[in-house]
Amino acid sequence: MRVRRRRMAMALAVMALLVLGIWQAGRLALNHALDQGQGRAETALRLTENALAGYLARYQSVPMLLAELDAVRDLATHPDDPARRRSIDRLLEQRNALLGSSDIYIMRADGLTIAASNHARSDSFVGQVFDYRPYFSDALAGRTARFYGVGTTSGVRGYYFSAPVRDSDGQIAAVIAVKIGLDQVEASWRGGELRIFVTDPDGVLFMASQPDWLYRAIVPMSRDWRARVDPTQRYDDVTIRPLVHQDRQAGDVRLSQITEGGARRDYVAVSRAMPEAGWTVHVLLDTAPLRAQAQLVVALLILGGCVAGSAALILGQRRARTAERLAMQIHATAELERRVEERTADLARMNHRLEQEITERRATEAELRAAQDSLVQVGKLAALGQMSAALSHEINQPLAAARNYADSAAILIERGDSPRARDNIAQIMALLDRISAIGKHLRNAARKPGDRLGPVPLAPLLVETQMIMGVRLAAVGAQLDLDVPDDLPPLLAGPTRLQQVLVNLLGNAADAVEGAPDRRITLTARSDDGAVTITVRDRGPGVAPALAGRIFDPFFTTKGPGAGLGLGLSISANIVRDLGGRISCHDAEPGALFSVRLPVARPDRVAA
Ligand code: ADP
């Protein structure tokens with residue numbers, strides 16, 4: 001509240017100061033303008049005065065010169081001679097035209113005009129008496145004289161110069177006068193912004209740039225005043241009215257307020273007396289334009305102040321806005337940095353978690369691989385178990401048969417039936433050959449699974465596989481058909497591992513056809529695009545689409561407990577992948593079709 005009141009007081013003080021400043025500036029501007037106006041008026045006054053003085057000086061000595069002329073003096077000697085008068089009339093007319101004056105005329109000693117330049121005009125001066133004019137009496141007294149007034153005969157205003165004319169005896173016998181008009185000079189004052197006028201010693205305007213100001217008095221028109229003015233009949237019968245005015249001083253400048261037709265006007269007034277002419281010249285300059293000029297200066301000042309104030313305000317606002325923007329930018333930058341830091345911390349946390357997860361996943365993978373390895377081993381053991389069972393069956397049968405043949409051979413030899421005994425021995429040999437074939441196969445099966453990759457011709461491998469699978473296929477009554485072209489290129493594989501895959505696929509096919517009406521199993525091999533595709537097709541129940549995606553998973557089995565471990569396809573898939581090939585399962589309608597695609601060995605390696 002107090003702050004607000006203080007602010008109000010401050011604003012009021014500033015306003016008051018501003019108003020005071022503007023008022024003072026206005027005063028100064030007006031004074032300056034008035035001073036300038038006075039200067040201009042004074043210059044005009046000087047010029048006017050010079051022009052007037054020059055104009056009068058041109059005629060000043062004219063009467064004196066004319067009075068010296070013999071003809072004129074002759075007329076003064078014989079003033080009543082009509083011939084002389086006429087001749088002088090003409091002379092004066094000529095000179096008047098030559099000099100450009102208004103009238104030239106000669107008066108006798110009693111004031112009667114005897115000759116005049118305007119002798120031919122109806123309002124001729126000839127015969128008129130001018131003894132009341134001061135210029136006549138002065139000249140008659142022997143002085144050159146001057147006078148200004150309104151002509152009593154012509155009613156025309158003029159300036160008069162006069163000189164005495166002496167007769168042949170040297171006595172003053174006449175007066176010669178030259179009247180000059182003032183209208184021309186006065187006309188040159190009109191049209192400007194200045195008011196110019198001339199007053200006589202009685203304060204009457206005798207010449208004026210404003211026609212209606214003429215013959216008006218700027219002094220109080222008292223009775224004394226009238227008594228003083230009248231005898232010379234300077235203004236003939238012109239009515240003199242006052243010119244209402246009021247003078248006052250503004251510094252060095254004199255101001256004159258003139259009331260005209262109800263309107264008041266202020267003028268800067270300057271005047272100077274012209275003693276030789278007997279009058280005072282006045283110049284007035286209207287103050288309205290000067291005041292307007294001062295007002296314009298003040299208006300410009302106010303405008304300038306407003307512009308400067310607005311500029312200061314705008315600048316201030318802009319500065320404030322810039323500061324605000326800067327502050328906002330700083331805040332935004334800080335916020336951004338904070339967010340970046342937060343995000344960086346989040347990312348670091350996530351990275352850390354990811355690293356942990358990766359480590360965990362690696363560990364899990366390693367564990368899985370270990371588990372898989374051990375399962376592979378288990379699978380191998382299971383296969384070994386199956387194989388041992390098959391093997392004991394395969395070996396025990398021929399061994400029992402061989403024993404029987406040997407027993408019979410011993411009896412036959414005792415009987416001396418050597419040919420039949422030899423037959424028996426040949427049978428025993430055949431059985432031994434079979435056992436050695438099985439041994440050979442076992443050697444192959446026992447070979448390290450990590451066998452190196454090399455070209456493997458499929459046909460011999462299939463012969464071995466058939467032998468291995470022979471008992472199992474026979475047990476379910478399956479029939480294996482081979483469709484392998486003779487020119488099939490060797491595969492790039494490990495023979496033991498490839499055989500293991502084939503054994504697995506054929507074993508599954510044998511399981512699938514068990515009890516089925518059609519127990520044919522077809523193994524096909526085809527080469528194309530640098531690879532060989534081996535397919536094993538059975539005509540059993542096939543793989544249900546819902547299970548197709550899972551059969552390659554470890555431990556996935558549909559067989560009853562003890563019948564299957566669910567490892568065969570998983571191990572096979574791993575082996576095929578290790579060999580750089582692909583394994584897939586398809587629906588064969590009826591039955592299932594497993595296809596293994598492996599790369600063909602390069603020819604150079606075949607040669608090797
Ligand atoms: P196992 O034979 O011990 O069950 P496998 O991995 O060899 O394990 O086979 C997984 C499963 O795939 C089998 O349980 C069976 O359901 C299915 N399967 C494999 N081969 C065939 C086939 N030829 N016909 C139908 N189903 C098959």
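Predicted, not measured: the structure shown is a model, and the values here were computed from it. Just so you know, ligand 1 is whichever comes first in the structure, and atom 1 is the first atom listed for that ligand.
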Between [options], which one has a non-hydrogen atom sitting closest to [atom]?
{"atom": "atom 6 (O) of ligand 1", "options": "Val536, Ile521, Asp511, Leu569", "value": "Leu569"}
{"atom": "atom 26 (N) of ligand 1", "options": "Val543, Leu506, Ile571, Asp553", "value": "Val543"}
{"atom": "atom 2 (O) of ligand 1", "options": "Arg550, Arg537, Lys559", "value": "Lys559"}

State the atoms of ligand 1, each with its element, that fall below the 4.0 Å cut-off from a heavy-atom position in [X].
{"X": "Gly542", "result": "25 (C)"}
{"X": "Phe556", "result": "10 (C), 11 (C)"}
{"X": "Ala512", "result": "22 (C), 23 (N), 24 (N)"}
{"X": "Ile551", "result": "12 (O)"}
{"X": "Gly568", "result": "5 (P), 6 (O), 7 (O), 8 (O)"}
{"X": "Thr557", "result": "1 (P), 4 (O), 14 (O)"}

Under 6.0 Å from the [atom1] atom of [X], do we count more than 12 heavy atoms belonging to anything else shown?
{"X": "Asp528", "atom1": "CG", "result": "yes"}
{"X": "Arg338", "atom1": "CZ", "result": "yes"}
{"X": "Arg582", "atom1": "CZ", "result": "no"}
{"X": "His32", "atom1": "NE2", "result": "no"}

Does some non-hydrogen atom of [X] fall short of 4.0 Å from ligand 1?
{"X": "Phe594", "value": "yes"}
{"X": "Gly540", "value": "no"}
{"X": "Asn504", "value": "no"}

Query raised in the report: Just one of Thr496, Val503, Val501 clears the side-chain contact (heavy atoms from CB on, under 4.5 Å) bar with Gln499, so which one?
Result: Val503
Requested in this report: Mind checking side chain to side chain donor-acceptor pair (under 3.5 Å) for Asp481 and listing every partner two or more places apart, or none if nothing turns up?
Outcome: Gln479
Query - Asp286 versus Asp266, closest heavy-atom pair with distance - result: OD1-O, 3.3 Å
Query raised in the report: Backbone, side chain, both or neither: what part of Leu505 comes under 4.0 angstrom of ligand 1, heavy atoms only?
Result: neither
Requested in this report: Could you tell me whether Ser570 and ligand 1 have an N or O pair separated by under 3.5 Å?
Outcome: no
Query raised in the report: Taking distance alone, with no angle check, do Asp538 and ligand 1 share an N/O pair under 3.5 Å?
Result: yes
Requested in this report: Verify salt bridge (Lys or Arg N to Asp or Glu O under 4.0 Å) between Arg40 and Glu193, making sure each step is shown before the conclusion.
Outcome: CA-CA 11 Å; Arg40 266 160 58 203; Glu193 52 171 353; 2.4 Å; yes
Going by atom type alone, with no hydrogens or angles, which donor-acceptor pairs under 3.5 Å involve a side-chain atom of residues 404-424 and a protein atom two or more places apart or on another chain?
from: Ser408; atom 1: OG; to: Asn404; atom 2: O; distance (Å): 2.8
from: Asn424; atom 1: ND2; to: Tyr405; atom 2: O; distance (Å): 3.2

Query raised in the report: Below 4.0 angstrom, N of the basic side chain to O of the carboxylate: do Glu365 and Arg361 qualify?
Result: no
